Number of protein chains: 4
Amino acid sequence: MRAAITLFARKGFDATPVREIADAAGVTTGALYHYFATKEDLLVEVYQQMQAGQRLRMEAIADSDLPLREKLHAIISDVVESTIADLDEAVVFFQPFHLLSPRVHEMVRAERRGYHYRVKALIEEGQRDGTFRADVPTTLAVSYHFGAVHQLGL
Amino acid sequence: MRAAITLFARKGFDATPVREIADAAGVTTGALYHYFATKEDLLVEVYQQMQAGQRLRMEAIADSDLPLREKLHAIISDVVESTIADLDEAVVFFQPFHLLSPRVHEMVRAERRGYHYRVKALIEEGQRDGTFRADVPTTLAVSYHFGAVHQLGL
Amino acid sequence: MRAAITLFARKGFDATPVREIADAAGVTTGALYHYFATKEDLLVEVYQQMQAGQRLRMEAIADSDLPLREKLHAIISDVVESTIADLDEAVVFFQPFHLLSPRVHEMVRAERRGYHYRVKALIEEGQRDGTFRADVPTTLAVSYHFGAVHQLGL
Amino acid sequence: MRAAITLFARKGFDATPVREIADAAGVTTGALYHYFATKEDLLVEVYQQMQAGQRLRMEAIADSDLPLREKLHAIISDVVESTIADLDEAVVFFQPFHLLSPRVHEMVRAERRGYHYRVKALIEEGQRDGTFRADVPTTLAVSYHFGAVHQLGL
DNA sequence: AATGAATGAGACTTCATTCAT
DNA sequence: CATGAATGAAGTCTCATTCAT
């Protein structure tokens with residue numbers, strides 16, 4: 001999966017032959033197909049692993065007892081830091097996922113929805129208790145900042 | 001080129017057979033190859049057309065005699081509007097271009113650099129004459145806002 | 001298609017690589033796939049051609065104004081003769097078609113049904129007008145004789 | 001071997017992966033290869049088992065002290081009955097064996113020859129002592145009737 | 001200029017078979 | 001004896017590109 005991430009980041013999914021992934025990983029294609037039924041399956045598992053990691057870290061922060069303002073700061077920082085920490089992973093992760101198979105597309109969307117939903121809840125909590133301004137649509141705020149962050153990372 | 005944009009947006013460059021573009025355009029592959037030497041050439045011309053349009057509109061605004069603040073507003077608005085006006089084009093345009101061929105990559109980078117350079121100049125002008133705050137790195141400001149805008153558009 | 005018939009007869013469908021058919025036909029695999037979308041498609045067309053020929057000849061006899069007894073004789077003779085005339089074709093044709101794809105299977109069954117139905121009608125006509133014995137189930141008679149003939153041919 | 005027969009009957013030899021046979025039999029491929037050196041070997045043993053059974057039953061009848069006419073009747077009946085009793089086995093058994101490996105091919109031919117030889121001997125005995133008509137080529141009679149029977153069975 | 005059949009390299013995937021454990 | 005991961009050759013099919021007409 002490491003090899004796959006690196007190559008998908010560098011050349012894109014379609015432009016990366018399975019053979020090359022296998023070589024980079026030091027296995028034969030046969031062996032690779034022993035563990036991943038399909039090239040797409042490999043992609044799916046890569047995404048799942050990345051998303052699970054990101055979600056877990058976010059939830060740990062959200063469930064902590066930091067003040068709201070610091071929670072949000074920590075969450076955004078985590079995105080920036082993890083992006084920088086593994087650029088290949090980030091490149092794959094923030095790829096226009098509508099180009100990928102419908103299966104991956106739907107999976108990413110679902111995860112993303114959950115992620116945004118949780119962050120939105122935090123902001124709304126802040127708006128209610130006066131920590132944050134309440135005169136801006138929450139969704140817009142979320143999208144705008146994440147968008148900016150992602151773009152910076154890449 | 002219209003057909004190519006639509007298909008590249010929907011399925012990605014690698015996943016779009018030349019044959020399909022030709023069919024969608026109502027020509028034969030032979031005819032298509034008469035005008036574009038290569039599939040990649042077609043992509044290059046698509047990018048050039050899109051970039052030329054965007055740059056021209058930006059420069060018209062920058063060279064106008066609007067007040068600085070309104071110039072920047074108009075430029076950003078133009079990005080948002082043109083994104084919305086032709087989503088397929090936008091999807092192709094804001095694709096991670098490092099995945100495309102080195103040739104396209106370099107072309108896009110060069111154009112992008114020029115575009116940012118011009119916008120940065122406007123901001124710096126504003127910072128000098130007191131229109132804008134001067135305590136933020138200009139580059140960061142540019143990237144952050146364009147990043148946010150792009151992300152919103154898609 | 002000639003090349004395909006020969007090879008399918010000699011080695012069976014599964015055991016015949018597309019490459020080999022193309023070579024035998026003196027074309028490239030690419031060209032072959034230009035005309036037949038799939039290896040299975042090629043098989044389907046081979047069957048259709050064979051069945052159309054056989055049915056046409058049978059119907060010509062059935063619609064002629066020969067006496068009934070001679071019609072049946074001619075039909076059976078035609079099966080024997082065409083079997084001998086092109087053994088490769090016969091080998092493919094009388095293969096256990098349930099092993100082939102469901103699509104071919106169903107097509108062959110449908111044709112076969114039509115063929116048997118026509119022959120059965122002739123026999124029944126003969127039974128009604130006293131030309132043939134009427135104390136044997138028609139279906140059994142048809143199956144028995146065709147079975148014998150096919151087996152002899154192969 | 002049971003599993004193999006079922007699958008060979010249903011999908012054909014070439015279209016049946018060893019893995020699937022092993023799974024159906026509830027063993028691992030490794031274990032299967034412990035008992036059969038080759039996929040083809042498995043096929044050979046399947047055929048041998050089927051042929052041995054059929055030949056033994058035939059010889060028991062031929063060596064009995066039934067009258068000739070009843071012997072032949074019993075032999076044909078046995079073919080019909082055993083065909084019906086295990087259709088999967090019959091499907092494999094009456095497959096166009098020239099498609100199988102030369103080794104199996106030759107084995108089947110040899111057995112078949114022996115079988116036919118014995119039956120032919122019975123018929124000739126009957127022709128000499130006047131039980132059967134002697135104005136038909138024996139070989140043709142044998143082939144014709146077995147062919148019909150096989151075809152009916154399948 | 002247009003056509004579209006042909007090319008052939010290369011992609012994904014399967015599978016009989018082996019072998020260290 | 002059994003396991004099942006690993007091997008790698010081979011198979012089907014796709015597709016960018018060419019070229020005679």
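The chains referred to below are lettered A, B, ... by the order of the sequence lines, with proteins before strands, and numbering in each begins at 1. Note that this is a predicted model, so its numbers are computed, not measured.
Scored by the side chain to side chain donor-acceptor pair (under 3.5 Å) test, Ser101(A) finds Glu40(A) as partners (sequence neighbours excluded). Not counting sequence neighbours, the partners of Arg2(C) by the salt bridge (Lys or Arg N to Asp or Glu O under 4.0 Å) test are Asp86(C), Glu89(C). For Asp41(B), the side chain to side chain donor-acceptor pair (under 3.5 Å) partners are Arg103(B), not counting sequence neighbours. Partners of Thr29(C) by side chain to side chain donor-acceptor pair (under 3.5 Å), not counting sequence neighbours: none found. Partners of Glu111(B) by side chain to side chain donor-acceptor pair (under 3.5 Å), not counting sequence neighbours, listed by chain and number: Arg55(B). Residues passing the ring-ring contact (aromatic ring centres under 6.0 Å, His included) test with His98(D), sequence neighbours excluded: none.
Note on residues 9-34 of chain C: pairs passing ring-ring contact (aromatic ring centres under 6.0 Å, His included), not counting sequence neighbours, are Phe8(C)-Phe13(C). Contacts classified as side chain to side chain donor-acceptor pair (under 3.5 Å) and involving residues 3-14 of chain C (residues at least two apart or in different chains) are given here: Lys11(C)-Glu20(C).
Reading DNA chain E from its 5' end, the first and the last nucleotide to sit under 4.0 Å from a heavy atom of chain A are dA11(E) to dT14(E).
At least one cation-pi condition fails for Arg57(B) and Tyr115(B): the charged atom is not both under 6.0 angstrom from the six-membered ring centre and inside a 45 degree cone around its axis. Remark: Arg109(B) is not positioned above the aromatic ring of Tyr47(B), lacking an NZ or CZ atom under 6.0 angstrom from the ring centre and at most 45 degrees off the axis.
For the segment residues 22-48 of chain B, residues with any heavy atom less than 4.0 angstrom from an atom of DNA chain F are, sorted by number, Tyr33(B), Thr38(B), Lys39(B). Within residues 2-20 of chain D, no residue places a heavy atom under 4.0 Å from DNA chain F.
The two residues Ala24(B) and Leu7(B) have their closest heavy-atom pair at CB-CD1, 4.0 Å.
A stem is defined here as three or more consecutive Watson-Crick or G-U pairs, each with both distances under 3.5 Å; for DNA chain E these stems are E:2-21 with F:2-21.
For the atom pair Met50(A) CE and Ser82(A) OG, the distance stands at 10.5 Å (nearest 0.5 Å).
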